[in-house]
There are 2 protein chains.
Amino acid sequence: MRNSLADVVAAALRVLGAQGLENCSMRRVAAELGVQPSALYHHVPDKQTLLALMADEIVAGVNLGAVSAGQAESRMDGPAAARRVCAELRAAMLAVRDGADVVSTASAFRLGSSLAEDYLAELVGRDGARTLLLYTFGHAQATQMHRHAAAFGALIGGDQVSETSGADDLDGSYVRGLDIIIAGLAVA
Amino acid sequence: MRNSLADVVAAALRVLGAQGLENCSMRRVAAELGVQPSALYHHVPDKQTLLALMADEIVAGVNLGAVSAGQAESRMDGPAAARRVCAELRAAMLAVRDGADVVSTASAFRLGSSLAEDYLAELVGRDGARTLLLYTFGHAQATQMHRHAAAFGALIGGDQVSETSGADDLDGSYVRGLDIIIAGLAVA
DNA sequence: ACCTGAACACCGTTCAAGT
DNA sequence: ACCTGAACACCGTTCAAGT
């Protein structure tokens, strides 16, 4: 036994963190393992599947209700628990370079049948769950894109503008949008 | 004068519609124009720029307040006008194959400075505008991905399940999520 | 101004063959 | 079971040169 599926996923996450999604090719993951590109296809049918496994790993730490569904958070009301799950999801994605893109693409493919959506649906209903998830994915993607652009701009532009209006409070922006949706859920 | 920038963008949109985003390469766009791939770089600095121009074209028909800002929709309240803009945006993206992906990627890059976001911000505030846009983009992407999967599944699976619960009411799902956000805006 | 021709440095995936 | 070696059919981009 030389490399397991878990080794491949771990190597892929290392390449992702070090080089970003656009450079996370099958060939580079193979190189990270010291193996020929074709060897990866013994563990995984294609790149899309590998990305889905990476997405699962990225969000693996998110707590989706500890015991059985809805039971662990019995002291919290639905909206409050939903808010906690979304915040954890966002943090997990932002912790990995391009994590939001990887997770969003993989989860959009399963919309309607993901663990996170099912759990959120118990808390706030199917429509509320979808709305919260799509907002959370979209905002996380925008956050990482903005940070990437800022990091790149800092290299070439010094920091002559710093922030046109100081208005890149991405965390605050996320929470305020979340508040809007949660408030809307209470009405319906 | 053999080809203009407009010709290049139009050819790219033709390839997109016919072959989808994953096959919309610079080389295929060049072939569509009967030209060498390198010729495209006379009109456009890189592929990303071409995709942004395609995105602009896809949403060009969306009415962002006819006369001056906020004036044309004086008979509508803010939330109602915002709902109309979002629905038009969604329809424009869904009208083109992979349109949601093209527009989302290009717009996420400008989040905080797009025409649509500025207009929506006048109607419902910056946080409301961002929330509505991210939700609308995300839902449109999920819609097109679901349709693509359904079309592909129909080819191999016949239609043995048809719909597990008849629950692929994507348009209804979108509107109900929009209702949640709009209701939340009214509270804040 | 607009394009060709040729090249550079890559991709994902397949497949026979090895151990 | 896991991997190599070689190939196939592609990519985006650059650049000197043509008209």
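Protein chains get the first letters and strands the later ones, always in sequence-line order, with residue 1 at the start of each.
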Handout entry: Protein-nucleotide distance (A:Leu40, atom CG; C:dG12, atom C1'), rounded to Å
Key = 11 Å
Problem - Pairs satisfying salt bridge (Lys or Arg N to Asp or Glu O under 4.0 Å), at least one member in residues 170-186 of chain A, at least two apart - result: A:Arg83-A:Asp179, A:Arg90-A:Asp171, A:Asp169-A:Arg176, A:Arg176-B:Asp127
Fill in the blank from the handout: B:Leu5 meets the side-chain contact (heavy atoms from CB on, under 4.5 Å) criterion, sequence neighbours left out, with B:Val9, B:His43, B:Val44, B:Leu53
Problem - Residue met sooner reading DNA chain D from 5', once A:Gly34 and B:Met26 are mapped to nucleotides - result: A:Gly34
Practice task
Please measure how far the P atom in C:dC10 lies from the corresponding atom in D:dA9, and state the result in whole Å.
Solution key: 22 Å
Problem - Donor on one side chain, acceptor on other, A:Tyr119 and A:Ser114, under 3.5 Å - result: no
Practice task
With pairs defined as Watson-Crick or G-U wobble and both distances under 3.5 angstrom, please note down DNA chain D as a dot-bracket string, | for pairing with another strand.
Solution key: ||.|||||...|||||.||
Completion exercise
Minimal heavy-atom distance between A:Leu89 and A:Phe137, with the atoms involved, is CD2-CE2, 4.4 Å
Give me the distances for all protein-to-nucleotides 5-7 of chain C N/O pairs that come in under 3.5 Å?
from	atom 1	to	atom 2	distance (Å)
C:dG5	O6	B:Ser38	OG	2.7

Handout entry: Flag, side chain of A:Tyr174 to backbone of A:Tyr135, donor-acceptor distance under 3.5 Å
Key = no
Problem - Close side-chain approach of B:Thr105 to B:Leu51, heavy-atom, < 4.5 Å - result: no
Completion exercise
Which of C:dG12, D:dT4, C:dC3 is nearest the side chain of A:Val35? It is D:dT4
Exercise for the section: Indicate yes or no: at least one non-hydrogen side-chain atom of A:Ser107 is less than 4.5 angstrom from one of A:Leu133. Expected result: no
Identify the pairs formed between an N or O of the protein and an N or O of nucleotides 16-19 of chain D at a distance under 3.5 Å, and give each distance.
none

Handout entry: Sequence-distant partners of A:Arg126, salt bridge (charged side-chain N to carboxylate O under 4.0 Å, His left out), two or more places apart
Key = A:Glu117, A:Asp118
Completion exercise
Smallest heavy-atom separation, B:Val62 atom then B:Val85 atom, equals CG1-O, 4.3 Å
Handout entry: Selection residues 1-21 of chain B - residue pairs positive for side-chain hydrogen bond (donor to acceptor under 3.5 Å, both in side chains), sequence neighbours left out
Key = B:Ser4-B:Asp7, B:Arg14-B:Glu32
Practice task
Taking the side chain as every heavy atom from C-beta outward, state whether A:Leu50 and A:Met26 have any pair of such atoms under 4.5 Å apart.
Solution key: yes
Practice task
For B:Gln36, enumerate each residue passing the side-chain contact (heavy atoms from CB on, under 4.5 Å) test, keeping only those at least two apart in sequence or located in another chain.
Solution key: B:Ser38
Exercise for the section: Strictly below 4.0 Å, heavy-atom distances to any atom of DNA chain C: list the hits from residues 43-54 of chain A, or just say none. Expected result: A:Asp46, A:Lys47
Completion exercise
Residues passing the side-chain contact (heavy atoms from CB on, under 4.5 Å) test with B:Ala100, sequence neighbours excluded, are B:Met93, B:Ala140, B:Gln141, B:Gln144
Handout entry: Sub-4.5 Å side-chain heavy-atom contact between B:Leu134 and A:Leu134
Key = no
Handout entry: All pairs passing salt bridge (Lys or Arg N to Asp or Glu O under 4.0 Å) where residues 48-60 of chain B contributes a residue, at least two apart
Key = B:Asp56-B:Arg110
Problem - DNA chain D contacts made by residues 3-21 of chain B, counting heavy atoms under 4.0 Å - result: none
Handout entry: Atom-pair distance (CG on A:Asn23; C1' on D:dG12), nearest Å
Key = 13 Å
